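Here's the structure we're looking at; comments come further down.
Side chains are part of it too, since the values below use all heavy atoms of this structure and drop only hydrogens, waters and symmetry mates. What you see is a predicted model, and the numbers here were worked out from it, not measured in a lab.
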Amino acid sequence: MRTETGQVVRLKDYRKPDYRVRTVDLTFRLHPDDTRVLARLEIERDRDTAAGVPLELDGDEVALISVAINGEAVPGDAMQVDANKLVLKKPPRKRSFSVEIETSISPAANTRLMGLYRSSGNYCTQCEAQGFRRITFFTDRPDVLAVYTTRIEADESEAPVLLGNGNCTETGKLPDGRHYAVWHDPHPKPSYLFALVGGDLDSIHETFVTCSGRQVALRIFVEKGKTARAAYAMDALIRSMKWDEEAFGREYDLDVFNIVAVSDFNMGAMENKGLNIFNDRLVLADPETASDADYQGIERVIAHEYFHNWTGNR
């Protein structure tokens, strides 16, 4: 774990990235101690960047398994790897190319709760502000927006629920009691809005009809035995979606909106695209014990994170 003091980054020192990531295809093979992450990145060199400038990707406590460029393995002398960086010294001179990276991470050992971690039997991510680099080597900065497709594989008995950003496009069974789900988010986003959840969770369901007549599936996932305490949060979500349409004409733009509330989350809540993740103290309320202030807090944060869909993210 890094312990050095962070460096101050000033606006006057801003420099646009030499390379941008246009699409990200991820495969997660979930395992408590050895989760394999396969990332295929479509890279584009900036027009003002000279051909041959090294490609630097951020990392933090990830073990590199392999790297390939356009399907060809990168030899050891053509790259540099340390605790914080993967540098590809000789990227292609063409402006566009693909990079395939396989990494290994240990969610169970991730006590920082940043990146992908496993707690209380559930897999969860937190990538704001620089947590995505704890999953794979990446250009982990908010001015690099990409379209993400995520395939999640897991032991079905351990993680019957598999969630990602965007819409679920495919599910299926795998050998040895495993299963998978594929999620696609068509809207370009920065890496800090990436999210993944896998676990054995309960849920409540509703449907919201948008102003154009589309049906959106709403789901709130909670730890076992807590669904009765999530009703007010669902009501607050529906009212927030309706208010945003009426006040600003902003219609939700995916087929599903998921909220996950877990007890081990190092922020109050996070507005990941289509998959908001909350500390459950800001979602759950028992009418027998909750105060007016508790309900007000739930309503405020549910609305705040939903409104990020159009305000603040893009």
Side-chain angles (χ1 to χ4, degrees), residues 15-30 35-76 78-105 114-116 125 127-153 164-166 169 180 182-196 272-273 314:
R15 180 174 174 273
K16 66 180 180 177
D18 291 325
Y19 294 88
R20 296 187 184 274
V21 183
R22 295 308 185 189
T23 64
V24 181
D25 286 276
L26 296 164
T27 296
F28 287 81
R29 293 172 181 152
L30 295 180
T35 288
R36 295 300 176 98
V37 183
L38 288 78
R40 187 177 192 278
L41 315 178
E42 292 296 332
I43 306 288
E44 184 177 276
R45 176 169 46 83
D46 187 82
R47 291 186 181 277
D48 296 329
T49 300
V53 168
L55 170 61
E56 296 189 6
L57 301 174
D58 303 301
D60 184 6
E61 293 187 349
V62 293
L64 180 65
I65 305 299
S66 64
V67 187
I69 295 178
N70 292 335
E72 297 288 334
V74 177
M79 62 181 175
Q80 176 184 339
V81 186
D82 60 31
N84 303 317
K85 290 284 185 184
L86 167 61
V87 180
L88 302 180
K89 300 177 183 179
K90 300 176 181 178
R93 300 186 69 83
K94 290 185 177 181
R95 284 195 62 215
S96 299
F97 55 94
S98 67
V99 175
E100 300 87 29
I101 303 170
E102 182 177 2
T103 54
S104 172
I105 54 178
M114 288 291 293
L116 175 66
T125 57
C127 292
E128 190 181 31
Q130 295 180 329
F132 192 77
R133 66 187 63 190
R134 293 176 57 77
I135 294 172
T136 188
F137 290 98
F138 196 76
T139 310
D140 191 14
R141 48 189 286 176
D143 56 352
V144 174
L145 279 66
V147 172
Y148 286 71
T149 302
T150 305
R151 177 185 170 101
I152 312 166
E153 301 177 5
N165 300 99
T169 59
Y180 73 92
V182 179
W183 292 80
H184 176 69
D185 182 2
H187 305 288
K189 65 173 177 286
S191 54
Y192 79 88
L193 292 176
F194 173 81
L196 178 156
N272 316 295
K273 179 66 179 181
R314 288 180 283 179

Tell me the closest heavy-atom pair linking [X] and [Y], and the distance in Å.
{"X": "Val147", "Y": "Pro188", "value": "CG2-CG, 3.9 Å"}
{"X": "Pro92", "Y": "Ile69", "value": "CG-CG2, 3.5 Å"}
{"X": "Val74", "Y": "Leu88", "value": "CG1-CD2, 4.5 Å"}
{"X": "Ala195", "Y": "Thr125", "value": "CA-OG1, 3.2 Å"}

Given Val87 and Lys85, is the side chain to side chain contact (heavy atoms under 4.5 Å, CB included) satisfied, shown in steps? CA-CA 6 Å; Val87 180; Lys85 290 284 185 184; 4.3 Å; yes
A side-chain contact here means heavy atoms from C-beta on lying under 4.5 Å apart; do [X] and [Y] qualify?
{"X": "Lys273", "Y": "Asp185", "answer": "yes"}
{"X": "Trp183", "Y": "Asn165", "answer": "no"}
{"X": "Val99", "Y": "Phe137", "answer": "no"}
{"X": "Val37", "Y": "Thr27", "answer": "no"}
{"X": "Leu38", "Y": "Leu26", "answer": "no"}
{"X": "Leu64", "Y": "Leu86", "answer": "yes"}
{"X": "Tyr192", "Y": "Pro190", "answer": "yes"}
{"X": "Pro17", "Y": "Asp143", "answer": "yes"}

Straight-line distance of [X] [atom1] to [Y] [atom2], nearest 0.5 Å:
{"X": "Arg45", "Y": "Ser96", "atom1": "CZ", "atom2": "OG", "value": "8.5 Å"}
{"X": "Ile101", "Y": "Ile135", "atom1": "CD1", "atom2": "CD1", "value": "13.0 Å"}
{"X": "Lys90", "Y": "Met79", "atom1": "NZ", "atom2": "CE", "value": "13.0 Å"}
{"X": "Arg141", "Y": "Phe132", "atom1": "CZ", "atom2": "CZ", "value": "15.5 Å"}

Any chance the side chains of Thr149 and His184 put a donor and an acceptor closer than 3.5 Å? yes
Residues which pass side chain to side chain contact (heavy atoms under 4.5 Å, CB included) with Arg40, listed by chain and number, not counting sequence neighbours: Asp25, Glu42, Ser98, Glu100
With sequence neighbours excluded, residues passing side chain to side chain contact (heavy atoms under 4.5 Å, CB included) with Ala73: none
Can you list the steps and then say if Thr150 with Val182 is a side chain to side chain contact (heavy atoms under 4.5 Å, CB included)? CA-CA 6 Å; Thr150 305; Val182 179; over 6 Å; no
Mind checking side-chain hydrogen bond (donor to acceptor under 3.5 Å, both in side chains) for [X] and listing every partner two or more places apart, or none if nothing turns up?
{"X": "Arg151", "value": "Glu153"}
{"X": "Tyr180", "value": "Glu170"}
{"X": "Thr139", "value": "none"}

The single option from Asp58, Asp140, Thr136 that satisfies side-chain hydrogen bond (donor to acceptor under 3.5 Å, both in side chains) with Ser191 is Asp140
Could you walk me through whether Gln80 and Asp82 pass the side chain to side chain contact (heavy atoms under 4.5 Å, CB included) check? CA-CA 7 Å; Gln80 176 184 339; Asp82 60 31; 4.2 Å; yes
Is the Tyr148 ring parallel, tilted or perpendicular to the Phe138 ring (thresholds 30°, 60°)? tilted
Spell out, as yes or no, whether a donor-acceptor pair under 3.5 Å connects the side chain of Arg36 to the backbone of Arg29. no
Can I get a per-line list of side-chain donor-acceptor pairs under 3.5 Å for residues 47-57, giving both atom names and the distance, sequence neighbours left out?
from	atom 1	to	atom 2	distance (Å)
Asp48	OD2	Lys16	NZ	2.7
Thr49	OG1	Asp18	O	3.3
Thr49	OG1	Asp18	OD1	3.3

Under a 4.0 Å N-O cut-off, is there an ion pair linking Arg133 with Asp60? no
Short N-O contact, Glu44 and Arg22, less than 4.0 angstrom: yes
Atom NZ of Lys89: over 12 foreign heavy atoms under 6.0 Å: yes
Between Phe194 and Val24, is a side chain to side chain contact (heavy atoms under 4.5 Å, CB included) present by the stated rule, with each step listed? CA-CA 11 Å; Phe194 173 81; Val24 181; over 6 Å; no
